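Here is the structure we will look at.
The model shown is predicted, which means the values in this text are computed figures rather than measured ones. Atom set for the values below is all heavy atoms of this structure, side chains included, hydrogens, waters and symmetry mates excluded.
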Amino acid sequence: MAFLPLFGLLSILLTTAASTANPFVTEIRHGVIRKPSSEVPIFREAPAFRNGDICGSSASDRIHIAMTLDANYLRGTMAAVLSILQHSTCPENVVFHFLWAKYEPEVLVSINSTFPYLNFRVYRFDSNRVRGKISKSIRQALDQPLNYARIYLADILQADVRRVLYLDSDLVVVDDIVKLWEVDLEGKVLAAPEYCHANFTKYFTDLFWSDKGLSSTFDGRKPCYFNTGVMVVDVDKWRQGGYTQKVEEWMTVQKQKRIYTLGSLPPFLLVLAGNIKAVNHRWNQHGLGGDNLEGKCRSLHPGPISLLHWSGKGKPWLRLDSRKPCAVDHLWAPYDLYGPSIHTIED
């Protein structure tokens, strides 16, 4: 399918067609849009960012980024998109693939009006695909079906997308995203920053570690924690290796035996920990939202930073609105396009 550039403010016209790759997924194709409703936050229009002279224009030059799309996190999504475009040498080469669990026309209107020139596709993810596989975790937000959509990227995205960069909505990029996009996977299916100093055992229950039939899955590997909010995925290898099914199998085990408590992350670790391409830590300065229970303030880790990630309970837009922000939240504020803001990109 050809990419569809979107220009101007018009009225929404949607047509849906069943995906040949997966009967559970529908791609939304965009036409023109209408005014946002009063129920959706009003965002300022972002400036248009243009390619530098060194940028190519062929399909091979495109950078595919997948993100989930949810009204509750829309403010974060807008900031993330702006940060990516602002710091890209070739912003017009970036193609966004948004996954949503339900049709929310006001959300689509907001994207079009805020980024009139954005190159993007929207796909519906059928929550029924995972609803019977999700187990209760330590935080309700982690139990939402859309949080599991990243498992199904190979089924959802079209065949012309051979590699994809998956990003959470609670982050901002402060470097050229092409540097992460072009990482050499060295034959691995996935690349992400790896944290081998973290206590890996805490991501699974005592029941898991005491059951040799389960814990032996890590035999022959040196598993390390990685955060699934920033991942470069070889879509072809994922599909060919049946990784969706492998992750689902562990989700089925979890329904029978309580082997973890942290949402969609642990089954990824069970399948891939110790067998990914490690990326420099600068590409996921994570945990800025604090822990999953209280969301207390945290400081930046030492070292260079290319991506700031508010994983955890605390979200910067909520803390800023409450007038009780953490120091790191002020690093997110310049990318906030919500309403009339005193913050600017230059702050």
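Under the 6.0 Å cut-off for aromatic ring centres, Phe98 and Phe120 qualify, their centroids lying closer than that. Ring-centre distance between Phe96 and His64: not below the 6.0 Å cut-off.
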| request: Apply salt bridge (charged side-chain N to carboxylate O under 4.0 Å, His left out) to the pair Lys313 and Asp170, showing each step before the final yes or no. | output: CA-CA 11 Å; Lys313 185 177 181 180; Asp170 53 357; over 6 Å; no

| request: Apply side-chain contact (heavy atoms from CB on, under 4.5 Å) to Val279 and Asn284, showing your working. | output: CA-CA 9 Å; Val279 174; Asn284 195 352; over 6 Å; no

| Leu300 and Leu308: CA distance, side-chain angles, deciding distance, side-chain contact (heavy atoms from CB on, under 4.5 Å) verdict | CA-CA 9 Å; Leu300 294 173; Leu308 297 156; 3.7 Å; yes

| task | Kindly indicate, with the supporting measurements, whether the criterion side-chain contact (heavy atoms from CB on, under 4.5 Å) is fulfilled by Ile54 and Thr89. | result | CA-CA 8 Å; Ile54 65 171; Thr89 302; 3.9 Å; yes

| Stepwise, does the side-chain contact (heavy atoms from CB on, under 4.5 Å) test hold for Val247 with Leu270? | CA-CA 8 Å; Val247 173; Leu270 286 161; over 6 Å; no

| request: Check the pair Ser216, Asp219 against side chain to side chain donor-acceptor pair (under 3.5 Å), reporting the backbone distance first and the verdict last. | output: CA-CA 5 Å; Ser216 63; Asp219 288 354; 4.6 Å; no

| Stepwise ring-ring contact (aromatic ring centres under 6.0 Å, His included) check, His197 with Tyr225 | CA-CA 8 Å; His197 64 278; Tyr225 160 75; 8.7 Å; no

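His309 is linked by a ring pair (Phe, Tyr, Trp, His ring centres under 6.0 Å) to nothing, counting only residues two or more places apart in sequence or in another chain. Not counting sequence neighbours, the partners of Asn93 by the side-chain hydrogen bond (donor to acceptor under 3.5 Å, both in side chains) test are Asn51.
Distance check, rounded to the nearest 0.5 Å: CG of Asp176 to CD of Glu182 gives 8.5 Å. The CG atom of Asp168 sits 9.0 Å away from the OH atom of Tyr73 when rounded to the nearest 0.5 Å. With values rounded to the nearest 0.5 angstrom, Glu104 atom CD is found 10.0 Å from Ser110 atom OG. A distance of 6.5 Å separates CD of Glu248 from CE of Met251, quoted to the nearest 0.5 Å. Rounding to the nearest 0.5 angstrom, the gap separating the NE2 atom in His286 from the NE2 atom in His281 is 8.5 Å. Taking OG of Ser264 as the start and CG of Leu146 as the end, the distance is 10.5 Å to the nearest 0.5 Å.
Using bins of under 30°, 30° to 60° and over 60° for the plane-to-plane angle, the ring pair Phe200/Trp209 lands in the perpendicular bin.
Within the structure, the ring pair (Phe, Tyr, Trp, His ring centres under 6.0 Å) test picks out the following pairs touching residues 228-277 (sequence neighbours left out): Trp238-Tyr243, Trp238-Phe268.
Using a distance-only test at 3.5 Å, with no hydrogens or angles considered, no donor-acceptor pair links the side chain of Arg323 to the main chain of Leu320. Judged by distance alone, with hydrogens and angles left aside, the side-chain atoms of Asn147 form no donor-acceptor pair with the main-chain N or O of Gln144 at under 3.5 Å. In terms of modelled atom types and a separation under 3.5 Å, the side chain of Arg44 and the main chain of Asp336 share a donor-acceptor contact. Side-chain atoms of Arg163 come within 3.5 Å of backbone N or O of Trp181 as a donor-acceptor pair. In this structure, the side chain of Arg150 engages the main chain of Thr228 through a donor-acceptor pair within 3.5 Å. Here the side chain of Asp329 pairs a donor or acceptor atom with the backbone of Cys326 at under 3.5 angstrom. The main-chain N or O of Lys237 is found under 3.5 Å from a side-chain atom of Asp234 such that the two form a donor-acceptor pair. With hydrogens and angles ignored, the 3.5 Å screen pairs a side-chain donor or acceptor of Arg221 with a backbone N or O of Ala273. With Ser306 contributing its side chain and Trp283 its backbone, the two residues share no donor-acceptor pair below 3.5 Å. No donor-acceptor distance shorter than 3.5 angstrom exists from the side chain of His330 to the backbone of Val328, with no hydrogens or angles considered.
Nearest heavy atom pair, residue Met67 against residue Ala80, reads CE-CB, 3.7 Å. Here the closest heavy-atom approach between residue Arg124 and residue Ala101 is recorded as CG-O, 4.3 Å. Pairing each heavy atom of Ala149 with each of Ile156, the nearest pair is O-CD1, 4.2 Å. Nearest heavy-atom pair, Gly132 versus Lys255, reported as atom, atom and distance to 0.1 Å: O-CE, 3.4 Å. Taking both residues in full, the closest heavy atoms of Tyr117 and Ala48 are given as CD1-CB, 3.8 Å, listed atom of the first, atom of the second, then distance. The nearest pair of heavy atoms linking Ile305 to Val174 is O-CG2, 3.6 Å.
Both the sub-6.0 Å distance and the 45° axial angle are not jointly satisfied by Arg258 relative to the ring of Phe204.
Within the 4.5 Å cutoff, the side chain of Asp175 has no heavy atoms near those of the Leu307 side chain. Within the 4.5 Å cutoff, the side chain of Leu74 has heavy atoms near those of the Leu69 side chain. Between Leu207 and Lys257, the closest side-chain pair of non-hydrogen atoms falls below 4.5 Å. Within the 4.5 Å cutoff, no side-chain heavy atoms of Leu288 are placed close to those of Leu171. Using a 4.5 Å heavy-atom cutoff, the side chains of Gln86 and Phe49 are in contact. In this structure, the side chains of Ile259 and Leu214 come closer than 4.5 Å at one or more pairs of heavy atoms. Between Pro267 and Lys246 there is no side-chain heavy-atom pair separated by less than 4.5 Å. Side-chain contact check for Arg129 versus Tyr152: some heavy-atom pair is nearer than 4.5 Å.
The only member of Trp310, Phe43, Trp332 that meets ring-ring contact (aromatic ring centres under 6.0 Å, His included) when paired with Trp317 is Trp332. Screening Leu85, Ile177, Asn119 for a side-chain contact (heavy atoms from CB on, under 4.5 Å) involving Pro91 leaves a single residue, Leu85.
Enclosure of atom CG in Asn199 by more than 12 non-hydrogen atoms of other residues, nucleotides or ligands within 6.0 angstrom is indicated.
Under 4.0 Å is where a charged nitrogen must lie from a carboxylate oxygen, and between Asp126 and Arg131 no such pair does.
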